[in-house]
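First up is the structure itself, then whatever we jot down about it.
Note that the numbering runs from 1 along the sequence shown for the chain. Hydrogens, waters and symmetry mates are skipped; everything else that's a heavy atom, side chains included, is used. Note that this is a predicted model, so its numbers are computed, not measured.
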Amino acid sequence: MSHGAFRDTDPDGEIAFEQDYVNLLYAHLDQLRERLTARRRTALASAAGTRQALVEREAVVHQYGGRLAQLNAAENALCFGRLDLEGTDRPRYVGRIGVHDPDGEQDEPLLIDWRAPVARPFYLATALQRDGVVRRRHIRTVGRRVVHLHDEHLSNRADPEATEVAPEGAGPDSITSESALLTALNAARTGRMNDIVETVQAEQDRIIRAELPGILVVQGGPGTGKTAVALHRAAYLLYHHRELLERRGVLIIGPNTTFLRYIAEVLPALGETGAMLATTADLFPGVAPTRVEAGPVTALKGQLLMKDVVAGAVADRQWVPHDDDEVVAVRHDGQLLRLDRQACLALRERVRSARLLHNEARPLVRRLVLTELTRLWAEAVGEDPLGGENLLGPEDLDLLRAELEENDGVDGMVDWLWPVLTPTRLLRELFASPQRIRAAAAEVGLTQQEQDWLVREGTGWSEADVPLLDEAAELLGRDDSTARRLAEQLQTANLEYAQGVLDVLRGSESGDFEDEESEILAAFDLIDAEALLDRQEEVDHRTAAERAATDRTWRFGHIIVDEAQELSPMAWRMLMRRSRSMTLVGDVAQTGEPAGASSWQQALQPHVGEHWRLEELTVNYRMPGPIAQVAADVLQALNPKLPAPEVVRPDGPVPWTRRVADLGPELVAAVAGELENLDQERRLAVVAAPDQTQEVFARLQAGLAESVALGENETLARVAVVEPRETKGLEFDAVVVVEPDRILAASPRGLGDLYVTVTRATQRLGIVHCSDLPTVLRSLRH
């Protein structure tokens, strides 16, 4: 019988049997890693005599480096499953990556990548639809050691009950009737998200493997695995559409940087390292938002009408004199050449009719200004004293125009009428001026209060400003004349430097051969300055994600947005410029941002109409039943039309409440008590209203070290003090909610914030409050 065939041997031998196979897989992994390392080292050491050879060498080195990163990322839990199939004694092992035996005779790999179609029965096969599967085995490892097996017999010929196998000598805690899924759900949270590749469920698998094109919306309540599904979908798409997505890149948008740190290790663990992780605030290169604005201002800036305000701001900078007595003028050759209001209006309308972007229209503005100034100068200097036609002919006019070309005052006039604008300059000057805001909003219908909200002092940008900057960049375009001039100046400077290098070499040439023709060739004999400069140009070997991070106009192959319900209409508009292939995951019941969506239809219809499809996740894997009941009560008050997800774990600790006189020692005691109830590797979140988190943190920092039998640093490392919106997408072993009535009162979306808060715990939930509990938490009343 071949290795790994279906076995009915005693359980004690199964662990050792699978250990042998896992050892074989890791041996092949190590060999492949060694071969790739050696090839990469050889490629780095090879000479590259031509530019083409250099490009090819660097491409090979980059390819080897990427593959090595994938192999290193697959080190943990390399193999996690096995399928025994009807009609064959050769099982199919499933893992993070595919592993082949280069010297073997078998066509089938030793380990199948979980994303391959033939691995799908591992996630979908059931007793009713077995898909040829006789037995499914879950293999749990720690490092490279097999520590636990869980078998599911799907064939009628076998015992339909699942069996658990633990290593010989293991304690009773290692032998459990829980499935691989429940084992994972009950594991301690580490502050980093784990992948679910070993326990993907059927409804999740369907979404992960959905077709690439178009916009897929995944609606799911708390704990349904939305984020995990989104990340595994990214890995799946990169596997099946590698050529397209490695070239164009995958962008993953999260709600905040804390969330991005939380998920950062998931894709590398799945063998993918090329995706770009960002928030919407990161999508305008060179701008790092630090400004905090009030909720009404954020909500206003997120509305679609702001695109018209930005357009109005651009139009307002295309200046004309305000009345007939006002002119713009340039002095040339003793003549004062004036453009009045009517001439400027005619020029502006002609330029606008060309439908060019603002900065890209400047060359046309300059040409029209020169034409008008040439006409005015010709009238002044070519006037016939006898009243006849102008004495200047076409050649004379060309000369006059050429002279005006050299007048710096012409460029000054163009700058006055049609200035070069950057997005940052446009919005900085707009928000600093009530007059400019009034002019920009003239056709939009902003109230006076809304106009006042936009006025601000000081510098810095907010997250809500980023989509506005992006909108401005789309309307302004590039100033090609300036960019071209700077590029030419840089090229000239580089050529001068390269020529200087060759001159130094020539000046350093040995004089031994001055009286006879030298047969020795020097660098300056073989290459000129332009060729030397060309050879010094760097080859860009950055990944698509790295290049996209510095290019605002980059179009991605696919975008995945987590907590997508939080995006404002202007943020959606910004994202739609970067791709129309998207996976959007979220829960409209958890919307907390002032400009966030109350429905997917509301969010997407202005941008893509009805061209999107919806999938739903309906099972709550995170919360035990008692906590889920608290969440269901809040959801009922928040949106009665949304069903609460089905609970996988009906049992668990009952949430507790504690009323205190103030947030002094009693809060510290409550949190310390929760820490004592948790294993030392588990983490706890203390969630409070935004205006209360600093006070809570200070009290806990001062009191916890004395209340818990751990060192101060170790204790505080297990506790996170956060406000509700900072917990989005995260989960903790235990959560203590501080004064829920203040969370409700903190924002117009306070009920949604409370819903997010009570759905973060995987094991325990407690509430500390000074005043009466809100009505919505009625299930906790005693």
Side-chain angles (χ1 to χ4, degrees), residues 187-192 256-259 261-262 292 623-624 626-627 630 652-728 730-747 750 753-774 777 780-782:
R189 270 45 187 177
T190 64
R192 295 282 186 172
N256 52 57
T257 55
T258 300
F259 174 84
R261 288 193 297 270
Y262 176 65
V292 177
M623 293 171 281
I627 297 178
V630 177
V654 176
W656 54 265
T657 66
R658 181 180 298 182
R659 185 162 185 169
V660 299
D662 59 53
L663 293 180
E666 291 181 277
L667 172 62
V668 174
V671 174
E674 279 299 284
L675 288 173
E676 296 289 356
N677 284 323
L678 295 173
D679 297 335
Q680 290 189 10
E681 71 273 14
R682 295 185 182 272
R683 301 177 73 249
L684 179 147
V686 180
V687 187
D691 62 351
Q692 202 176 16
T693 54
Q694 288 188 352
E695 174 195 353
V696 169
F697 178 79
R699 291 182 182 274
L700 292 177
Q701 187 178 40
L704 272 182
E706 300 176 2
S707 303
V708 182
L710 293 170
E712 179 179 2
N713 293 336
E714 188 175 353
T715 300
L716 293 176
R718 295 175 58 199
V719 179
V721 179
V722 289
E723 61 182 83
R725 294 184 191 180
E726 292 177 326
T727 69
K728 281 188 177 294
L730 309 182
E731 58 185 21
F732 303 87
D733 297 290
V735 170
V736 174
V737 184
V738 179
E739 297 205 76
D741 56 329
R742 289 186 63 164
I743 292 176
L744 286 172
S747 80
D753 290 343
L754 183 61
Y755 183 56
V756 171
T757 300
V758 299
T759 58
R760 299 302 100 192
T762 68
Q763 304 293 330
R764 299 177 60 85
L765 174 67
I767 297 178
V768 176
H769 57 107
C770 295
S771 55
D772 290 341
L773 279 177
L777 296 176
L780 290 176
R781 294 176 180 273
H782 299 291

Side chain to side chain contact (heavy atoms under 4.5 Å, CB included) between R742 and D691, intermediate numbers included: CA-CA 9 Å; R742 289 186 63 164; D691 62 351; 3.3 Å; yes
Listed by chain and number, what are the side-chain hydrogen bond (donor to acceptor under 3.5 Å, both in side chains) partners of [X], not counting sequence neighbours?
X    : result
T258 : R261
D741 : S771
E739 : Q692
N677 : none

Gap between atom OH of Y262 and atom CD of E731 - 0.5 Å precision: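 Answer for the CD-OH pair, E731 versus Y262, is 4.0 Å.
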Euclidean distance, R658 CZ relative to H769 NE2, rounded to 0.5 Å: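 The distance works out to 10.5 Å.
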For [X] against [Y], the heavy-atom pair lying closest together:
X    : Y    : result
T693 : V721 : O-CG1, 3.7 Å
D679 : R718 : O-NH2, 3.1 Å
P655 : P626 : CD-CB, 3.6 Å
V687 : I743 : O-CD1, 4.2 Å
F259 : L730 : CA-CD2, 4.1 Å

I'd like to check [X] versus [Y] (side-chain heavy atoms, cut-off strictly below 4.5 Å). Are they in contact?
X    : Y    : result
F732 : L765 : no
I767 : P740 : yes
V630 : L777 : yes
V768 : W656 : yes

Residues that L744 engages under side chain to side chain contact (heavy atoms under 4.5 Å, CB included), provided they are two or more places apart: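 Scan of L744 (side chain to side chain contact (heavy atoms under 4.5 Å, CB included), adjacent residues dropped) gives L751, L754, P774.
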Could you pull out all residues at least two apart from [X] that satisfy salt bridge (Lys or Arg N to Asp or Glu O under 4.0 Å)?
X    : answer
R659 : D772
R764 : E674
R725 : E593, D753

List, one per line, each side-chain donor-acceptor pair under 3.5 Å for residues 661-668, sequence neighbours excluded.
from : atom 1 : to   : atom 2 : distance (Å)
D662 : OD1    : G664 : N      : 2.8
E666 : OE1    : A661 : N      : 3.3

Sidechain-backbone polar pair: D733 side chain, R683 backbone, donor-acceptor under 3.5 Å: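 Checking the backbone N and O of R683 against the side chain of D733, a donor-acceptor pair under 3.5 Å is found.
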Sequence neighbours excluded - salt bridge (Lys or Arg N to Asp or Glu O under 4.0 Å) pairs with any residue from residues 694-703: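 Matches after skipping sequence neighbours: E695-R699.
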